[in-house]
Number of protein chains: 2
Amino acid sequence: MSVAVAELTEVGSSAPLSLPAVLHALSDPVRLSIVSQLADGAEHSCNSLEVSVAKSTCSHHFRVLREAGVVAQRADGKCRLNRLQVQALEASFPGLLDAVLRTSQR
Amino acid sequence: MSVAVAELTEVGSSAPLSLPAVLHALSDPVRLSIVSQLADGAEHSCNSLEVSVAKSTCSHHFRVLREAGVVAQRADGKCRLNRLQVQALEASFPGLLDAVLRTSQR
DNA sequence: CGTTTAGTACGACGAGCATCGAACTATAGC
DNA sequence: GCTATAGTTCGATGCTCGTCGTACTAAACG
């Protein structure tokens, strides 16, 4: 079982982006909090975010977000920098991210 | 086991409306299809909608949608008429329903 | 090289979910 | 009253999910 080459440098930029998958990714409070903290447009490492779960659980949530195409991850030294896939989401589901962020950030 | 009185006339108009719950309700393809078919603003009975699952499964999905505050149900003769809770959703999560419907209806 | 730091992968566990068929309730029509 | 129609409720089943601890990988720092 070989791993896609792209996964080593950049993940999350070429998925079909299914609406149910995106909605499911956003339907968990922890993941919603992550997305909310990523909404400043900057890149954040995993542990620079405030999450209330164990490290492995956090990694799991990032994977769900990645596989749904909500976030992208980039290796930087010993950190992984995450950022919201704003443009891709906006292209597939215009207005959705804004609507979610507007109410979850409050 | 007594049933709440309100359930016989009207359900779904006084819930706190949690964003994760709404997103979860919308994250299932069958429920997304139901919501999409309800998007004309009219009331539809359960079996007037095109769903690909058994009657009991359909009933289950309507319950999830109801409990999340996405739809409301009203008894009418031997039918239950369902309608989208457009105003309540718009009040709590402005733009969300539009964003979801715009892409799921296509 | 050894150690710390950042994150992933792997089971494991318990809870929840989508699905079904069958039984039940209630309304409508004959 | 009987029957058909419309939904709900009730297990049961199998899958998925969120959570955790532990083990692992890889980069940085001494």
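Order of the sequence lines fixes the chain letters, A, B, ..., with proteins taken first and strands second; residue numbering starts at 1 for each chain. Computed from a predicted model, the values in this text were never measured in an experiment.
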Q: State the CG-CG distance between A:Leu84 and A:Asp40, to the nearest 0.5 angstrom.
A: 8.5 Å
Q) Atom NE2 in B:His44, atom CG in B:Asn82: separation rounded to 0.5 Å? A)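 Reported value, rounded in 0.5 Å steps: 9.5 Å.
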Q: If a pair satisfies side-chain hydrogen bond (donor to acceptor under 3.5 Å, both in side chains) and one of its residues is in residues 52-62 of chain A, list it, with sequence neighbours excluded.
A: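 Listed once each, the pairs are A:Arg31-A:His61.
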Q) Is a side-chain donor-acceptor pair under 3.5 Å present for B:His24 with B:Asp28? A) no
Q: Give the cluster check for A:Leu23 versus A:Leu89: same hydrophobic cluster or not, with ILVMFWY residues linked at side-chain heavy-atom distances below 4.5 Å.
A: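 Yes; tracing contacts between hydrophobic side chains, which count when under 4.5 Å, links both residues.
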Q.
Using only atom types and a distance under 3.5 Å, with no angle test, would you say the side chain of A:Glu90 pairs donor to acceptor with the backbone of A:Gly95?
A. yes
Q: Could you encode protein contacts along nucleotides 22-30 of chain C as a string, one character per nucleotide from 5' to 3', using B for base contact, S for sugar-phosphate-only contact and - for no contact, with a heavy-atom cut-off of under 4.0 Å?
A: B----BS--
Indicate whether OP1 or OP2 belonging to [N] is found under 4.0 Å from a side-chain N or O atom of [X].
X       : N      : value
A:Gln73 : C:dG7  : no
A:His61 : D:dT19 : yes
B:Asn47 : D:dG7  : yes
B:Thr57 : C:dT19 : no

Q | Close residues, residues 22-35 of chain A, relative to DNA chain C [heavy-atom separation under 4.0 Å] | A |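 Residues of residues 22-35 of chain A that come under 4.0 Å of DNA chain C do not exist, since none gets that close.
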